Amino acid sequence: MNSATIAGVEVSTEHFIGGDRVGGEATFVDLSPMDARPLAEVARGGEREAELAVAAATEAFPGWAALGPAGRAAHLHRLADLIDANVERLAAVESADMAMLLRSLRARVIARGARNFRAYADLAVAHEERVWESNGTLNRVIRMPSGPAVVITPWNAPFMLSTWKTAPALAAGCTVVLKPAEWSPLSCSLLCDLVQESGFPPGVFNVVQGIGEEAGAALTAHPGVRRISFTGSPETAVHIGTAAARNIVPFTGELGGKGPLLVFADADLEAAARKAAGQYDDAGQVCLAGTRLLVEESVHESFLELFHRFTDEHVLGDPRDDATTVTPLIHPDHLARVEGFVERARAHGDQIVRGGRRREDVGPLFYEPTLVVPRSNDSEIVQREVFGPVLTFQTFADEDEAVALANSTRYGLSGILYTGSEERAERVGRAVRAGTLWVNTFLVRDLTAPFGGMGISGIGREGGDYALDFYSDLKTLQILDGTTA
Ligand code: NAD
């Protein structure tokens, strides 16, 4: 087996198909975000691996579906226990590969992977079929597992996001082929080891490593696939949606965000400013981040003073150090992309009021926390997702203008609202176009609540029954009253 030793942990760099490791001649180089040097050479899948993996998932499907929710739940719970037992190894590898803060991975992000499997295992078992009488018949709605599902995930929080999408698919009775992102493929390889150790039947869970346009495109185009679940950018979603449409296969897309962070004069300004400065954590590589700071005019000076004070406290550095809050960007191409946004903003006449430069003194992929006051709301830096440590700052005069600004982009994934008024929270909360809006808090999640985006931020919903329904074909069984067995 080809493998790499990452942070002292041996990680297979091969695919995982039908319960076996599968290598191949072609590889791609996975870079370390810490020094932009090669971390591992990983198998580079294409048509052949897509074919093998979908065949394995198709063969395993009837047996997995026949286990029923309780039989599948036993496997998912064992897997969750193994994830909990391996937090240290998973966190170490993910931190080296994606440069997420090690302490967050240890304290909550990896554990959330285990929680995802437990939550969906239990939800599928607890599900009660809808049954009612009408027109002299008994109506019964049955969830039928759909078949092999392809899951495609992005490079940020790769372990957590892969489990978030895989758990409902497996709980609903689908088999899975996962294609992790090529910039952070390693923690998902460890997940394969845990799946194997927890005794899943071969072919129920498969991983094809590789480049999006190769492995990803081959998997999404495969006619044997019955569901496609994607998290990534709206641009890639167009390709995935097109492939899904060709085979008339449902797909969901959890896509990019450009969330507003609204601060009203009646808010706890200190809490709001601290949260705003916190949007630079993990170098802003967070889809749910509130990247457009929208602050009521009357308090904008006091807010900015606090915001700068809290932002000054940030420490750029190694994600494994406890003091670090701002990590490097994932890849040289991503750094160039982030930098391109800021340079175009500068050229366009937007004001860079803090940051706006690389920090090569810390490492080759670091970028300074940056704040931009745009020339107008049409500026590219306001309208497009940067996905880095770059925030914009604008003011509003009243609630109507606040809502208009919040709703002025094509995105609608999430938002954050700071106010001291319950009535305002209710009014503004209803008016802002976002799949999730947090009021005076951030990132608190109930896994049974719907999760997804409006506009170009998404199609479909994950979370709770919404995800279980996506991976199921709903059937209505209609039985004439008086029919006896
Ligand atoms: P991306 O769209 O470039 O890639 C995502 C995945 O798609 C990768 O695995 C990639 O290999 C694959 N891919 C690329 N082209 C493909 C193709 N033609 N066919 C099939 N697969 C293909 O996104 P990224 O840069 O990895 O991630 C960042 C984006 O993800 C940001 O927009 C971010 O906001 C978004 N995101 C959204 C959520 C959410 O829950 N809404 C969560 C995390 C990240």
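Please read these numbers as outputs of a predicted model, since none were measured by experiment. Every number for a ligand or one of its atoms is a count from 1 in the order of the listing.
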Query raised in the report: Does any non-hydrogen side-chain atom of Tyr367 lie less than 4.5 Å from one of Val342?
Result: yes
Counting each atom of ligand 1 from 1 as listed, which ones have a heavy atom of [X] under 4.0 Å away?
X: His239; answer: 18 (N)
X: Gly216; answer: 19 (N), 20 (C), 21 (N)
X: Phe451; answer: 40 (O)

Report task. Answer yes or no for Arg461 and Phe470: cation-pi contact, defined as NZ/CZ to six-membered ring centre under 6.0 Å and angle to ring axis within 45°. Result -> no
Query raised in the report: Is Arg445 close enough and on-axis enough to Phe451, meaning under 6.0 Å and within 45°, for cation-pi?
Result: yes
Tell me: protein heavy atom nearest [atom], and distance?
atom: atom 43 (C) of ligand 1; result: Asn156 OD1, 3.2 Å
atom: atom 25 (O) of ligand 1; result: Trp155 NE1, 2.9 Å
atom: atom 17 (C) of ligand 1; result: Gly212 O, 3.5 Å
atom: atom 9 (O) of ligand 1; result: Thr153 O, 2.7 Å
atom: atom 41 (N) of ligand 1; result: Leu255 O, 2.8 Å

Requested in this report: Could you tell me if any non-hydrogen atom of Ala217 lies under 4.0 Å from any atom of ligand 1?
Outcome: yes
Query raised in the report: Considering only heavy atoms, which of Gly253, Ser233, Ser162 lies nearest to atom 23 (O) of ligand 1?
Result: Ser233
Report summary line: In terms of its nearest heavy atom to atom 15 (N) of ligand 1, the top option of Leu219, Thr436, Thr236, Ile330 is Thr236
**Report entry** Parallel, tilted or perpendicular: ring planes of Phe387 versus His334, cut at 30 and 60 degrees
**Finding:** perpendicular
Query raised in the report: Can you tell which of Thr13, Asp193, Asn2 makes a side chain to side chain donor-acceptor pair (under 3.5 Å) with Arg21?
Result: Asp193
Query raised in the report: Should the heavy atoms of other residues, nucleotides or ligands under 6.0 Å from CG of Leu194 be counted, would the total exceed 12?
Result: yes
